[in-house]
Amino acid sequence: MNKSALITGITGQDGAYLAKLLLEKGYRVYGFVARRGSDMRWRLREEGVESAVNYVEGDLMDLSSLVRAMETSKADEVYNLGAQSFVGTSWQQPVLTAQVSGVGAINVLEAVRIVNSAAHFYQASTSEMFGLIQAEMQDETTPFYPRSPYGVAKLMAHWATVNYRESFGLHASSGILFNHESPLRGVEFVTRKVTHAAASIKLGLQKELRLGNIDARRDWGFAGDYVEAMWLMLQQSKADDYVVATGITTTVRDMCKIAFDHLGLNYEDHVVIDQKFFRPAEVDVLLGNPAKAKAKLGWAPKTSLEQLITMMVDADMRRLQAHAA
């Protein structure tokens with residue numbers, strides 16, 4: 001295979017796993033990155049692909065840099081994973097979230113349309129668009145009702161993708177991904193916050209874990225599985241939108257139990273409920289129906305929640321022990 005792929009958000013969790021997958025398939029991989037002071041490439045380094053990626057500097061808010069990135073990469077496939085991706089932050093930074101996650105996606109679509117309208121485009125949509133759920137199990141036909149500025153911005157990007165597909169004939173697909181985690185997740189996300197805290201408590205580095213609504217239910221899968229679905233969408237003859245999920249919902253409480261049990265700890269001895277971590281508008285339950293992805297893409301998750309959480313706990317234990325050494 002001699003294809004070229006351009007990935008925005010390549011320094012994030014999904015970007016690192018997707019870059020590795022595409023490199024293994026023989027792609028030339030280009031990463032669209034903004035200049036930042038801190039080390040943003042540690043995930044790519046952990047996956048052993050940092051030096052194999054070609055980097056193109058730019059910003060999602062700068063259409064000209066996206067056009068240049070398309071010209072430089074000669075991309076056959078474009079994966080827009082770039083966003084302000086933390087739901088909690090979106091209430092404090094709603095305008096930035098709208099610009100980066102919403103308008104930024106339109107900028108990428110415009111760059112594709114201008115430079116190479118034959119390129120296949122992927123938009124990272126999200127289950128947060130469902131928000132106040134209108135059906136017990138959400139699929140591609142479930143009405144959207146976002147409950148955060150993040151969900152609203154992502155919905156804008158999602159409908160823009162549909163619009164560019166229908167208006168300009170772009171091969172533009174959206175993956176409506178439910179929560180997907182990994183050892184590469186940032187510690188601001190609840191799953192990684194839990195696994196990192198469990199490891200820290202086991203090693204005597206902290207005593208408690210402060211959380212908000214631990215009875216919220218989510219459909220959690222492994223990011224490494226989910227990037228395969230992204231790739232499969234762009235291999236189809238016709239673009240479409242797909243829910244990517246496990247079809248199993250679990251509470252934050254049960255997820256805590258799995259993490260702490262793995263280390264021989266009782267989560268009830270360490271978890272403290274803190275009202276400041278409750279969201280202004282909570283999404284109580286998310287449960288995806290991946291039947292379409294299974295039928296049309298041949299995709300199914302391979303990693304159970306128990307395998308995922310123990311993998312994350314073990315990774316955090318290794319990191320903390322290495323840091324202490």
Can you sort out the partners of [X] under salt bridge (charged side-chain N to carboxylate O under 4.0 Å, His left out), two or more places apart, ordered by chain and number?
| X | value |
| --- | --- |
| Lys193 | none |
| Asp274 | Arg210 |
| Asp62 | none |
| Asp241 | Arg165 |

So, using side-chain hydrogen bond (donor to acceptor under 3.5 Å, both in side chains) as the criterion, who are the partners of Thr142 when residues are at least two apart? Asp139
List in chain and number order the residues that pass side-chain hydrogen bond (donor to acceptor under 3.5 Å, both in side chains) with Asn107, two or more places apart in sequence or in another chain; answer none if no residue qualifies. none
Report the residues that fulfil ring pair (Phe, Tyr, Trp, His ring centres under 6.0 Å) with [X], sequence neighbours left out, ordered by chain and then residue number.
| X | answer |
| --- | --- |
| His196 | none |
| Tyr145 | none |
| Phe222 | Tyr17 |
| Tyr164 | Phe168 |

Can you give me every donor-acceptor pair (side chain of residues 317-325, partner residue at least two apart or in another chain, under 3.5 Å) with its distance?
residue	atom	partner	partner atom	Å
Arg319	NE	Glu46	OE2	3.3
Arg319	NH1	Pro183	O	3.0
Arg319	NH1	Asp316	OD1	3.4
Arg319	NH2	Glu46	OE1	3.1
Arg319	NH2	Glu46	OE2	3.4
Arg319	NH2	Pro183	O	2.7

Please work out which of the three classes, parallel, tilted or perpendicular, describes the rings of Tyr122 and Tyr79, given edges at 30° and 60°. tilted
Ring pair (Phe, Tyr, Trp, His ring centres under 6.0 Å): which pairs involve residues 48-73, sequence neighbours left out? none
